[in-house]
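All remarks here apply to the structure that follows.
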Amino acid sequence: MFGQIIDIIEQKRMESKREESEQNYRLLADNISDLIILHRYDATYLYASPSVNRILGYEPDEMLELNAFKLIHPDDIEEVRRRYQLMLKIGEPLLITHRVKKKDGSYIWMESHVKGIDEYTFESGAQILSVSRDIQQRIETNELLRRSEKLAVG
């Protein structure tokens, strides 16, 4: 008879740490108020946080079937593309303000911090991480303030 004993304590510790890390990540992703999106440079989605449902009305899985450029307002699309190219060229994160179409067809203003997370070449199909915030109320409030200031002056 022949037997072998292998110490797997360290392996079990590592598995436990990995599971804990995944739980922490899931807790953050599920409860953050901002929208976290990962997509390729060609605008195909790879990941959308659960907050996409509250902000845009889509389920995270539905986003994987959409193209980001189809959701950006037609008047904003060229500026967003230009900013993406600049961000990838300089290799630094950028802030982009643009309108995004919700599932119901209406548009809201979003402020997106975008960052390339792999090679900064267009040919490589660079992945872009976007953390976006709904700023619709801020835009509307600023517009109301501008109108009231015009009335007060004029």
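As a basis for the values below, the full set of heavy atoms in this structure was taken, side chains included, without hydrogen atoms, waters or symmetry mates. Computed from a predicted structure; not experimentally measured.
Rounded to the nearest 0.5 angstrom, T97 OG1 and M110 CE are separated by 10.5 Å. How far CG of L38 is from CD1 of I117: 4.5 Å, rounded to the nearest 0.5 Å. Atom CZ of R18 sits about 10.0 Å away from atom OG of S16, to the nearest 0.5 Å. The CD atom of E92 lies 10.0 Å from the CG atom of L86; values are rounded to the nearest 0.5 Å. Rounding to the nearest 0.5 angstrom, the gap separating the CG atom in N53 from the CE atom in M63 is 11.0 Å. Distance check, rounded to the nearest 0.5 Å: OH of Y45 to CD1 of I128 gives 11.0 Å.
Between S51 and D34, the shortest heavy-atom contact is OG-O, 2.7 Å. Summarising the geometry of I96 relative to R83, their closest heavy-atom pair is CD1-CB, 3.6 Å, with the distance given to 0.1 Å. Listed here is the closest heavy atom pair of S112 and S132: OG-OG, 2.6 Å. Residue M87 comes nearest to G116 through the heavy atom pair SD-N, 3.0 Å, listed as atom of the first residue, atom of the second, then distance.
Under a hydrophobic-cluster definition in which Ile, Leu, Val, Met, Phe, Trp and Tyr are linked whenever side-chain heavy atoms come within less than 4.5 Å, directly or via other members, V114 and I77 are assigned to the same cluster. Both V80 and I90 are part of a single hydrophobic cluster, where members link through side-chain heavy atoms under 4.5 Å apart. Hydrophobic clustering, with ILVMFWY side chains joined whenever heavy atoms are under 4.5 angstrom apart, keeps V100 apart from I135. Neither L56 nor Y47 shares a network with the other; the hydrophobic side chains, linked directly or stepwise wherever heavy atoms of I, L, V, M, F, W or Y lie under 4.5 Å apart, form separate groups for each.
Formation of a donor-acceptor pair under 3.5 Å by the R54 side chain with backbone atoms of S33 is found in this model. Using modelled atom types, no side-chain atom of S130 and backbone atom of I37 make a donor-acceptor pair closer than 3.5 Å. Of the possible donor and acceptor atoms, one in the side chain of Q136 sits under 3.5 Å from a partner among the backbone N and O of W109. A side-chain donor-acceptor contact under 3.5 Å links T141 to the backbone of Q137. D134 places no side-chain N or O within 3.5 Å of a backbone atom of I55 that could act as its donor or acceptor partner.
Residues forming a side-chain hydrogen bond (donor to acceptor under 3.5 Å, both in side chains) with N142 (at least two apart in sequence, or on another chain): none.
By the neighbour-count criterion of 12 heavy atoms within 6.0 Å, atom CD1 of I9 is sparsely surrounded, having that number or fewer from other residues, nucleotides or ligands. Around the CD atom of E143, the shell of radius 6.0 Å holds more than 12 heavy atoms that belong to other residues, nucleotides or ligands.
Under the 4.0 Å criterion applied to side-chain N and carboxylate O atoms, R13 and E10 are assigned as salt-bridge partners. A salt bridge links E79 with R82; the closest basic N to acidic carboxylate O contact falls under 4.0 Å.
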What donor-acceptor contacts under 3.5 angstrom involve side-chain atoms of residues 66-74, with partners at least two apart or in another chain?
from: N67; atom 1: OD1; to: F69; atom 2: N; distance (Å): 2.8
from: N67; atom 1: ND2; to: D42; atom 2: O; distance (Å): 3.3
from: H73; atom 1: ND1; to: D75; atom 2: N; distance (Å): 3.0

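Between H39 and Y84, the ring-plane angle classifies as tilted under the 30° and 60° cut-offs.
Side-chain contact between L129 and I36 is present, with at least one heavy-atom pair separated by less than 4.5 Å.
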